[in-house]
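First comes the structure, then the notes that go with it.
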Amino acid sequence: MPELPEVETIKQDLKERIVNKQITSVLLSKKAIIKNKRIDFIKEIKNNKFTDILRIGKLIIFVLASKKYMLVHLKMTGQLIYQQGKDIIAGGHPEPDLEKLPNKFTRIIFEFKNGSKLYFNDIRRFGYMQIVDEVGLNEIKNKFGLEPIDKKFTFEYFQKIFENKNKSIKVALMDQDKIAGIGNIYASEICFEAKIKPARKAKNLSIKELKALYLASKKVLQVAIKNRGTTFSDYVDATGHAGYNISFLKVYDRKGMKCKRRDGGIINKIILGGRGSFYCPKCQK
DNA sequence: AACTCAACCTGGCGGC
DNA sequence: TGCCGCCAGGTTGAGT
């Protein structure tokens with residue numbers, strides 16, 4: 001579910017809290033998805049600690065003191081929730097509420113020496129965890145394209161991805177091998193920001209349009225990160241109410257509603273790459 | 001090689 | 001406490 005901005009937010013929040021805390025145990029429910037042998041996974045984690053947390057695209061990388069790496073992918077419905085007494089921070093899928101932990105969707109629990117806990121919840125069980133060594137990490141890292149927020153993400157790099165491509169720009173934006181971190185929500189948002197229809201073939205964009213799309217991809221992600229993600233939920237108090245940040249999305253999931261631009265029309269929904277895609281037929285050309 | 005699409009899994013919601 | 005079909009912010013392998 002989460003895209004780059006949401007994953008970045010939870011990464012930052014967790015990093016502030018769990019780095020260098022001794023892990024006393026890890027509990028795996030029967031429905032947890034672990035790509036290693038369970039016994040190996042537990043052995044690597046127990047009595048170890050995370051010295052840093054990194055991210056590439058939508059993949060979170062927990063650096064272990066043992067120089068191995070625990071990869072976490074939240075996919076559609078994964079959540080990471082850290083609880084230290086009444087201080088609870090949560091990132092990822094916003095449902096269900098966090099009144100009680102663990103709940104029926106809790107798949108993995110890490111326990112730290114100071115009594116705090118990290119929960120991995122996942123309704124649909126697409127998300128996973130995996131421990132790899134340096135070589136394995138590099139293999140995986142190499143599969144990702146540059147992120148739009150990366151300094152090396154130049155217009156020339158962007159242009160090359162789109163030239164001669166027969167697929168729609170929206171689908172091209174989501175190709176993680178080429179551009180890391182854009183998912184189904186932000187792909188629609190980026191096309192809206194650039195005022196270009198998401199169904200346009202990548203190879204048919206003019207230089208001017210490509211430039212607009214390039215700038216939009218950077219801007220949309222940067223703004224989203226600044227806003228701590230789209231539906232990122234933040235809990236300061238276990239008894240507090242769920243405080244989802246107000247959505248600032250402009251087109252996603254707004255089918256039939258009025259475009260937020262003054263000269264806009266009614267938002268339309270089409271399917272591209274098998275996914276719902278939203279755009280304004282009037283202000284997006 | 002490039003591209004499309006169903007499949008993975010589970011719950012929520014709208015329509016009937 | 002109705003049932004059914006569709007949809008869901010991701011990735012990937014099989015098929016064309």
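Lettering follows sequence order; numbering is per chain, from 1.
Crowding of Lys21(A) atom NZ: a count of heavy atoms from other residues, nucleotides or ligands under 6.0 Å exceeding 12.
Applying the 5.5 angstrom centroid cut-off and the 30 degree plane-angle cut-off, the aromatic ring of Phe126(A) is stacked upon the base of dC8(B).
The interatomic distance linking Lys170(A) (NZ) with dC3(B) (P) rounds to 16 Å, in whole Å. Atom CZ in Phe278(A) sits about 6 Å away from atom P in dA8(C), given to the nearest Å. Put simply, CD1 on Ile271(A) is 12 Å from P on dC6(C), counting in whole angstrom units. Rounding to whole angstrom units, CZ of residue Arg107(A) and P of dC9(B) are separated by 12 Å. If you take CZ of Arg275(A) and P of dT4(B), they are 14 Å apart, rounded to a whole angstrom. Rounded to whole Å, the distance from CG on Asp175(A) to P on dT12(C) is 11 Å. Between the CD atom of Glu3(A) and the C1' atom of dT11(C) there is a distance of 13 Å, given to the nearest Å. In this structure, the CD1 atom of Ile33(A) is 9 Å from the P atom of dT10(B), given to the nearest Å.
A salt bridge does not link Asp253(A) to Lys269(A): none of the charged side-chain nitrogens sits closer than 4.0 Å to a carboxylate oxygen. Of the charged side-chain nitrogens involved, at least one lies within less than 4.0 Å of a carboxylate oxygen, so that Glu147(A) and Arg55(A) count as a salt-bridged pair.
Ile140(A) and Ile179(A) fall into different hydrophobic clusters, where Ile, Leu, Val, Met, Phe, Trp and Tyr side chains are chained together by heavy-atom contacts under 4.5 Å.
If you check every strand for non-hydrogen atoms under 4.0 Å, Lys203(A) touches nothing. Counting non-hydrogen atoms under 4.0 angstrom, Gly183(A) reaches the backbone sugars and phosphates but no base. Backbone-only engagement by Lys269(A) is indicated by non-hydrogen atom pairs under 4.0 Å involving sugar-phosphate atoms exclusively.
The closest side-chain donor-acceptor pair between Tyr82(A) and Ser116(A) falls under 3.5 angstrom.
Listed nucleotides dT11(C), dT10(B), dG9(C) differ in distance to Lys31(A); the shortest reach to its side chain belongs to dT10(B). Proximity note for Lys167(A) (side chain, C-beta onward) versus dT11(C), dG11(B), dC3(B): the nearest is dC3(B). Of the candidate nucleotides dC3(B), dC9(B), dG10(C), dC9(B) has the atom nearest to the side chain of Arg124(A).
Using the Watson-Crick or G-U wobble rule with both distances under 3.5 Å, dG9(C) pairs with nothing in any strand shown. Across every strand in view, dA14(C) sits in a pair with dT4(B) that passes the Watson-Crick or G-U test at under 3.5 angstrom.
The separation of dA6(B) from dC6(C), taken at their C1' atoms, amounts to 15 Å, rounded to a whole angstrom. Nucleotides dC13(B) and dG9(C) have their P atoms positioned 15 Å apart, rounded to a whole Å. Atom name P, nucleotides dC9(B) and dC3(C): the rounded distance is 25 Å, in whole Å.
For dT11(C), one of the phosphate oxygens OP1 or OP2 lies less than 4.0 angstrom from a side-chain nitrogen or oxygen of Lys58(A). At dC8(B), none of the side-chain N or O atoms of Arg125(A) fall inside 4.0 Å of OP1 or OP2 (strictly under the cut-off). Taking side-chain N and O atoms only, Gln176(A) has a distance below 4.0 Å to OP1 or OP2 of dT11(C). Residue His73(A) places no side-chain N or O under 4.0 Å from the OP1 or OP2 atom of dG10(C).
Comparing Asp177(A) and Gly276(A) by the nucleotide of DNA chain C whose heavy atom lies nearest to each, the residue mapping closer to the 5' end is Gly276(A).
No close placement of the Phe120(A) and Phe110(A) rings is indicated, their centers lying 6.0 Å or farther apart.
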